[in-house]
Amino acid sequence: MNIRFVVLFLFIAVICKAREPDVFPRDTSFTLYSAFQKERKTYPFIQAIYPVVPPTIEVMPDLVYAKYGEREMHIDVYSPKNKKLDRPTLLFVFGGGWQSGNKIMEAPMAIHFAELGYATATVEYRLSPEALYPAAVFDIKTAIRWLRKNAQQLHIDTEKIAISGTSAGGQLAALVAATNCSDFSIDSTFYPEYSSDVQALIDIDGVLAFIHPESGEGADQPGKPSAATNWFGGNNEEKTALWNEASALNHVNKNMPPVLFINSQHPRFHAGRDDMIEILDSLGIYSEVHTLPNTPHPFWLFDPWFDPTVNWMEQFLEKHF
C-alpha cells in the first residue's frame with residue numbers, strides 16, 4: 001500500500017512540475033489518501049484507484065486555459081496517440097465541497113476513457129478559499145470554450161462534448177449542462193466566439209438543488225459553517241438568491257442534454273434529482289439512474305465501485321455519441 005501511494009505522489013509531482021508556485025489559498029483536506037483513510041474504517045475491503053498511464057495514451061499536463069492576472073488556470077488533456085480522427089470529448093470536474101480536491105483525482109477516469117478512444121480532460125477551477133461562487137462556474141464554462149478553441153490541435157469533435165462531475169463537481173457539471181443555450185449571466189468572457197454548451201451530462205452524487213427537503217447543504221454548526229455556506233459567502237437565508245441560482249433544478253429547459261445519474265446510498269447527495277427527472281421526462285429529454293447500495297459518498301475513487309461506475313458511463317456515452 002505504501003508503495004502505491006509513493007507512485008501516486010510521484011505521478012502528481014510530474015503532472016504539477018511546470019506549475020508556478022502557489023500564490024492563492026488552498027485547502028488540501030480532501031485527497032485520495034484522506035478519503036481512503038476515512039472510508040476504509042467502514043469499508044475495510046476497498047482499494048484506492050490510482051492513475052496509471054499506458055504507453056498508448058498521451059498526457060498534456062497543466063495546459064493553461066485562462067489567466068486572471070498572474071493566476072494561471074490549468075487543464076490536463078489525455079488522448080490516444082493515434083490522432084487520425086476527431087474524437088468525442090469528456091471533461092471531468094472533481095469534487096471536494098467546493099473548497100478542496102484536485103483535478104488529479106479524476107485522472108483514473110480520464111485515462112480509462114482515453115483508452116476507449118475519447119479525448120478527455122480534467123479541469124482545475126477556483127475553490128472557495130480563493131474565490132466564492134460563481135467563480136467555479138465561470139472557470140468550467142471557460143474550459144469548455146477553450147476545448148472548442150483548440151479542437152483542431154486536440155482532435156476534438158466539438159459537437160460531442162460531455163461533462164462529468166463527482167460530488168461538488170457533479171453539482172457544477174449539472175449547472176453547466178442545465179444552462180445550455182440560455183441567457184444565464186454566469187458565462188465566460190474568454191473566447192466569446194465559442195460555445196460553452198455540452199451534449200451530455202454525467203452527474204455522480206452531485207446535488208441538483210441546494211434548498212430542498214433532501215439536501216444536507218447548509219447544515220452549519222457554531223463556528224463551523226458548511227461547505228456550501230463557505231462557497232456562497234453566506235447561509236441559505238443570507239444568500240437565498242445565490243443558493244437558488246446555483247441549483248441546476250431551477251434551470252432545466254428544452255436545451256438540456258441527456259443525463260446519467262450515478263449515486264451512492266445517501267439521498268442528500270442527489271437532492272433534487274427526482275424532481276429534475278420529472279421535468280426532463282415532460283420535455284422528452286433522456287435520463288437514467290443507477291444507485292450503488294451500501295456505498296460511501298466518494299465511491300468512484302475505490303474498487304469495487306470504480307468498474308461499475310465507468311461501465312455505466314461507457315454505455316450511456318455509446319448510446320448518445
| Taking everything shown except Gln152 itself, do over 12 heavy atoms lie less than 6.0 Å from its CD? | no
| task | Can you see which heavy atom on Val176 is nearest to which on Ser196, and at what distance? | result | CG1-O, 4.2 Å
| field | Min side-chain heavy-atom separation Thr309-Phe299 under 4.5 Å | value | yes
| query | So, do Ile111 and Val52 sit near enough that their side-chain heavy atoms are less than 4.5 Å apart? | reply | no
| said: Tell me whether the rings of Phe92 and Phe113 are parallel (<30°), tilted (30 to 60°) or perpendicular (>60°). | reply: tilted
| Distance, nearest 0.5 Å, that separates CH2 of Trp231 from OG of Ser226 | 12.0 Å
| task | Answer yes if Tyr50 and Met105 sit in the same cluster of Ile, Leu, Val, Met, Phe, Trp and Tyr residues linked by side chain heavy atoms under 4.5 Å apart, and no otherwise. | result | yes
| message | Strictly distance-based, threshold 3.5 Å: is any side-chain N or O of Asn180 a donor or acceptor partner for the main-chain N or O of Val198? | response | yes
| query | Quick one: do Val64 and Ile156 end up in the same hydrophobic cluster if we chain Ile, Leu, Val, Met, Phe, Trp and Tyr together by side-chain heavy atoms under 4.5 Å apart? | reply | no
| message | Do Asn294 and Gln265 make a side-chain contact, defined as non-hydrogen atoms from C-beta onward lying under 4.5 Å apart? | response | yes
| Is a donor on one side and an acceptor on the other found under 3.5 Å between the side chain of Thr179 and the backbone of Leu175? | yes
| Same apolar cluster: Met60 and Ile161, side chain cutoff 4.5 Å | yes
| message | Between Val252 and Leu280, is there a side-chain heavy-atom distance shorter than 4.5 Å? | response | yes
| query | Does the distance from a Lys or Arg side-chain N to an Asp or Glu carboxylate O, for Glu214 and Arg273, drop under 4.0 Å? | reply | no
| task | Count the heavy atoms belonging to other residues, nucleotides or ligands that lie under 6.0 Å from CD of Glu193, then report whether that count exceeds 12. | result | yes
| request: Treating Ile, Leu, Val, Met, Phe, Trp and Tyr as nodes and any side-chain heavy-atom pair under 4.5 angstrom as an edge, say whether Leu283 and Leu208 lie in one connected cluster. | output: yes
| query | Where do Glu217 and His212 land on the side-chain hydrogen bond (donor to acceptor under 3.5 Å, both in side chains) test, with the steps shown first? | reply | CA-CA 9 Å; Glu217 306 304 332; His212 189 276; over 6 Å; no
| said: With a 3.5 Å distance limit and no angle check, can you tell me whether Glu238 reaches the backbone of Asn235 through a side-chain donor-acceptor pair? | reply: yes
| message | If we check side chain to side chain contact (heavy atoms under 4.5 Å, CB included) with Trp300, which of these qualifies: Pro308, Ser264, Ser164, Ser167? | response | Ser167
| note | Interatomic distance, NE2@His290 vs CG@Leu260, rounded to 0.5 Å, equals 5.5 Å
| In Å, rounded to the nearest 0.5 Å, how long is the span from CE of Met109 to CE of Met313? | 5.0 Å
| field | side-chain contact (heavy atoms from CB on, under 4.5 Å) between Ile279 and Met276, intermediate numbers included | value | CA-CA 5 Å; Ile279 302 173; Met276 179 176 281; 5.7 Å; no
| query | Would you find a donor on one side and an acceptor on the other, under 3.5 Å apart, between the side chain of Ser100 and the backbone of Asp27? | reply | yes
| message | Side chains of His74 and Tyr65, heavy atoms from C-beta outward: is any pair under 4.5 Å? | response | no
| query | Between Arg26 and Glu130, is a salt bridge (Lys or Arg N to Asp or Glu O under 4.0 Å) present by the stated rule, with each step listed? | reply | CA-CA 7 Å; Arg26 295 179 64 86; Glu130 178 182 4; over 6 Å; no
| task | Report yes if some heavy atom in the side chain of Phe302 is under 4.5 Å from a heavy atom in the side chain of Glu39; otherwise report no. | result | yes
| task | Check Ile49 against Pro108 and note the closest heavy-atom contact, atom names and distance. | result | CG2-CB, 3.6 Å
| said: I want to check something: taking the side chain as every heavy atom from C-beta on, are Arg126 and Met73 in contact at a cut-off of under 4.5 Å? | reply: yes
| Within the distance-only criterion (no hydrogens, no angle test), does the side chain of Ser79 pair as donor or acceptor with the backbone N or O of Ala119 below 3.5 angstrom? | no
| query | Any idea which heavy atoms bring Pro80 and Ile57 closest together, and the distance? | reply | CA-CD1, 4.0 Å
| query | Got a sec, which residues hit side chain to side chain donor-acceptor pair (under 3.5 Å) with Arg148, two or more places apart in sequence or on another chain? | reply | Gln199
| query | Do Tyr286 and His320 have their ring centres less than 6.0 Å from each other? | reply | yes
| field | Nearest-0.5 Å distance, CD1 of residue Ile104 to CD of residue Glu124 | value | 12.0 Å
| Applying the 4.5 Å side-chain criterion to the ILVMFWY set and letting contacts propagate, would Phe269 and Trp312 be lumped into a single cluster? | no
| said: Taking Ser29's backbone N and O only, do any of them form a donor-acceptor pair with Ser34's side chain (distance below 3.5 Å, no angle check)? | reply: yes
| query | Which distance, rounded to the nearest 0.5 Å, do you find between the CH2 of Trp98 and the CG of Leu132? | reply | 13.0 Å
| query | Could you go step by step and tell me if Tyr133 and Glu245 meet the side-chain hydrogen bond (donor to acceptor under 3.5 Å, both in side chains) rule? | reply | CA-CA 10 Å; Tyr133 172 88; Glu245 181 182 79; 2.7 Å; yes
| field | Distance, nearest 0.5 Å, that separates OH of Tyr78 from OG1 of Thr89 | value | 15.0 Å
| said: Could you check whether atom NZ of Lys81 has more than 12 heavy atoms from other residues, nucleotides or ligands sitting under 6.0 Å from it? | reply: yes
| said: Quick one: does any side-chain atom of Asp76 pair with a main-chain N or O of Ala121 as donor and acceptor, under 3.5 Å? | reply: no
| request: Answer yes or no: is there a side-chain heavy-atom contact under 4.5 Å between Phe30 and Asn102? | output: no
| said: If we ignore hydrogens and angles and just use 3.5 Å, is the side chain of Lys160 paired with the main-chain N or O of Asp86 as donor and acceptor? | reply: no
| query | Below 6.0 angstrom between ring centroids: does that apply to Tyr43 and Trp305? | reply | yes
| request: Tell me, with the steps shown, if Asp157 and Tyr118 meet side-chain hydrogen bond (donor to acceptor under 3.5 Å, both in side chains). | output: CA-CA 10 Å; Asp157 183 341; Tyr118 291 83; over 6 Å; no
| request: Look at Asp197 together with Arg145 and state whether they make a salt bridge at an N to O cut-off of under 4.0 Å. | output: no
| message | Which label fits Trp243 and Phe210: parallel for a plane angle under 30°, tilted from 30 to 60°, or perpendicular past 60°? | response | perpendicular
| remark: Nearest heavy-atom contact between Ala110 and Thr120 is O-OG1, 2.9 Å
| Centroid separation Tyr125 to Phe94 less than 6.0 Å | yes
| query | Is the side chain of Thr240 donor-acceptor paired with the backbone N or O of Asn236 at a distance under 3.5 Å, no angle test? | reply | yes
| Derivation of the side-chain contact (heavy atoms from CB on, under 4.5 Å) call for Tyr194 and Leu147 | CA-CA 9 Å; Tyr194 298 96; Leu147 287 170; over 6 Å; no
| request: Any chance you could lay out the side-chain contact (heavy atoms from CB on, under 4.5 Å) test for Val77 and Leu63, step after step, and finish with the verdict? | output: CA-CA 8 Å; Val77 176; Leu63 302 176; 3.9 Å; yes
| Can you check side-chain contact (heavy atoms from CB on, under 4.5 Å) on Leu317 and Ile202, steps first, answer last? | CA-CA 9 Å; Leu317 291 171; Ile202 300 171; 4.3 Å; yes
| request: Would you name the heavy atoms of Ser287 and Phe261 that are closest together and state the gap between them? | output: CB-CE1, 4.2 Å
| request: Sort and list the pairs that fulfil salt bridge (charged side-chain N to carboxylate O under 4.0 Å, His left out) and have at least one residue in residues 199-213, not counting sequence neighbours. | output: none
